[in-house]
Amino acid sequence: MTGINDLFLQEMEKLSLDPASVQLTWQDDILILSGCLKCWQQVVDVGHMAAKLPGVKKLVNHLTSEDAPKKEKRDISTYYDKDEIDRADVVIIGAGVTGCGIARQLSKYNLDILVLEKEEDISCGTTKCNNGMIHSGYDSKHGSLKAQMNVKGNAMYSQWAEELHFAFHRTGSFVLAFDEKEREVLRYYLENGTKNGVPGIAILSGDEARKIEPNISDDAVEALWTPSAGYVEPYEVALALMENAIDNGVRLRLDCEILDIQKEEKKAVTLITSQGKIHCQYLINAAGLYSDEIAAMLDDEFFTIHPRRGTLVIYDKENKGKIHTFSGQAPGAYSKGGGPQETPEGTLLFGPSAKEVPEKDNLAVDQDDLDFVINKGMYLVKNIDRNTLITFFGGNRAATYHEDFIIQCSEKVENVIHAAGIQSPGLASSPAIAERVEQLFLTLKPDVTKKEDYNPIRREKKPFRFCTMEERDALIKENPLYGRIICRCETVPEGEIVDAIHGKVPARNIDAVKRRTRAGMGRCQGGFCQAKVLEILARELGMEETEVTLKGKGSNILKERTRQVEEDE
């Protein structure tokens, strides 16, 4: 350990940081950093530096910074007195695409499976805040778990889409080069992607690339082409997975936050939640940005999540068809990642960017990040009007300091599996991640049997906006609510909204309805339809309109009534 300490001091000097500001301690084979630095970026830089030191396989970064908000310790003492409300063979923490994928994968077995999600809907974390790209796997470091899961998961998406009936467009993707230095990077990606097993990977001339994607910048001289890349709507994938899991017996508890985990004889047995106590025989940690906090509750903290925020920009559908494939850029003047693409719905999207932030729940968009995403997109493609931008948003990725996935059985708690550090390309990797967790689970419980009636197929339901006039007439005849259009931008009828509210995974707020139906995703961004959606939610859920929220607790749309309606005498 002395040698590592000496190397650490040398690297601190290279970063122009005071070595005395950071304390190194070892707990078994885990390196723990503590202390306080001036700014958060220094915390992240030191964490990355320490993770690269020879022999450091596990790293916990407890460093703080002067510019990071102070965290107040929450009093959860009253929750220990609550009654047991549930028990299950397997509890999965987190209902992002990773947790939903694992739930569906394990639903083929004779198990009582319970998924817990702290938000009021599924896919509310990293899953809903990414560009939906199913990466090909050219940039993941060869030999890493990321590379293995990415290429395998990408290939599995065709079957997922066929069975679960979600939109998946395998459009291919480009990485553009504008000078000789960037061309060298493309050759590295070609070599790395070939080693990783990326099918069809090749380098094209700029003119060859423009034959495939005419609106690529005229200044691009070369492009890395990976035809296996594709796009999905990520929240749609998560919903399809969870609905199919529910069809196969999985149960879901929303608005259920994990506050602590009690162990007995090296096993997790009781979860202290905001709803009450839940007993489990096996526990799977798929908590995304909070997976390190779940590990800490288990006294199994061996990694730290540092949130990396990305900004995405959405343009009006008048741009539909101008761009079909993703166009990124080799590292250079614009080196934060992301680029222009078209979503499966035909919406033009730019981004994401990448900025290290100290708060996991801070999704604010900074002006410099917004400018970066827009300017980069305009640099990479042509014939897009800046003034057609309709909205932007941010999301956080769950990165570890080793920048690789953690998918393994706990080394300290006998009945726990960690699926953590699932950042990009986590969405692309999710089918392979689910399969890997299944294999790990079978090592913990090899005697589990398969269901005879497991059904991997989710019933297809064609969105109203894609129906023919004859199909629309049939829907309206069956349910007159389909004859009333609520969202004109996206052609969403009231019947579709009501169905979403009462679906297998109920949409209980404005954003949840938006993710199910696209009501509010169009040009006016809910300017015309949000009030109507609010009324429908209140009516269908039997609540006051002032109780309806945008995205859960603390996000009420209306504060109070401005005028009272007199009751009939």
Side-chain angles (χ1 to χ4, degrees), residues 130-139 150 154-155 157-158 160-162 166-178 186 189 193 198-237 312-330 334 337-352 373-374 376-386 388-392 424-425 427-428 463 465-466 490 518 521-523:
N130 70 75
N131 65 353
M133 184 177 184
I134 305 305
H135 296 76
S136 60
Y138 65 84
D139 57 342
N150 187 174
N154 175 292
Y157 252 92
S158 295
W160 258 23
E162 181 180 350
F166 59 77
F168 173 44
H169 296 174
R170 201 179 284 280
T171 60
S173 72
F174 288 111
V175 181
L176 307 180
F178 292 81
L186 296 194
Y189 284 154
V198 176
I201 188 171
I203 291 180
L204 308 180
S205 69
D207 289 338
E208 289 172 326
R210 279 181 285 274
K211 287 181 181 179
I212 299 172
E213 189 63 86
N215 279 327
I216 284 176
S217 169
D218 293 331
D219 295 327
V221 294
E222 274 190 347
L224 182 81
W225 169 242
T226 54
S228 62
Y231 294 93
V232 296
E233 301 287 1
Y235 41 82
E236 183 181 318
V237 176
L312 296 108
V313 175
I314 303 291
Y315 289 84
D316 190 82
K317 274 189 176 179
E318 70 177 57
N319 296 292
K320 185 174 182 177
K322 292 183 178 179
I323 298 293
H324 296 288
T325 60
F326 171 85
S327 295
Q329 184 186 9
Y334 297 95
Q341 68 175 76
E342 186 178 76
T343 71
E345 281 286 333
T347 302
L348 180 63
L349 180 151
F350 284 8
V373 170
I374 295 171
K376 178 177 181 178
M378 294 299 173
Y379 178 71
L380 295 174
V381 297
K382 58 189 179 183
N383 297 324
I384 306 297
D385 185 351
R386 287 174 181 260
T388 59
L389 184 153
I390 59 174
T391 192
F392 53 84
S424 179
L427 180 64
R465 61 190 177 277
F466 295 144
E490 297 291 327
R518 295 191 63 84
M521 283 193 180
R523 176 177 293 182

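Source: prediction; values computed, not measured.
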Does the side chain of Ile323 come within less than 4.5 Å of Glu213's, by heavy atoms?
yes
What distance separates Asn383 CG from Ile216 CD1, expressed to the nearest 0.5 Å?
12.5 Å
Give me the ring orientation class for Tyr189 and Tyr138: parallel if the planes are under 30° apart, tilted from 30 to 60°, perpendicular past 60°.
perpendicular
Could you check whether any side-chain heavy atom of Pro352 comes within less than 4.5 Å of a side-chain heavy atom of Leu312, counting everything from C-beta outward?
yes
Please work out whether the ring planes of Trp160 and Phe166 are parallel, tilted or perpendicular, with thresholds of 30° and 60°.
perpendicular
Apply side-chain contact (heavy atoms from CB on, under 4.5 Å) to Tyr157 and Val232, showing your working.
CA-CA 10 Å; Tyr157 252 92; Val232 296; 4.1 Å; yes
Passing candidate, side-chain contact (heavy atoms from CB on, under 4.5 Å) with Trp225, options Val175, Ile203, Ile212:
Ile212
Any non-hydrogen side-chain atom of Gln329 less than 4.5 Å from a side-chain atom of Tyr379?
yes
Any non-hydrogen side-chain atom of Thr391 less than 4.5 Å from a side-chain atom of Met521?
no
Distance col, row Phe174:CZ vs Leu186:CG, nearest 0.5 angstrom, shows 11.5 Å
Quick check for you: to the nearest 0.5 Å, what is the distance between Asn215 atom CG and Leu380 atom CG?
12.5 Å
Rounded to the nearest 0.5 Å, the OG1 atom of Thr347 sits from the CG atom of Leu349 at a distance of 8.5 Å
I'd like to know if the side chain of Tyr231 and the backbone of Phe326 have a donor-acceptor N/O pair within less than 3.5 Å.
yes
Under the 3.5 angstrom rule, does the side chain of Lys322 hit a backbone N or O of Ile384 as a donor-acceptor pair?
no
So, the side chain of Glu318 versus the backbone of Thr388: is there a donor-acceptor pair under 3.5 Å, distance only?
no
Donor-acceptor pair between Thr325 and Thr171 side chains, under 3.5 angstrom
no
Separation of Gln341 CD from Ser327 OG (nearest 0.5 Å)
10.0 Å
Side-chain (Glu342) to main-chain (Gly321) donor-acceptor, under 3.5 angstrom
yes
Would you indicate whether the side-chain heavy atoms of Arg170 and Asn154 approach each other to under 4.5 Å?
yes
Tell me, do Leu224 and Ile201 make a side-chain contact under 4.5 Å, heavy atoms counted?
yes
From Lys317 atom NZ to Arg523 atom CZ, the distance as rounded to the nearest 0.5 Å:
11.0 Å
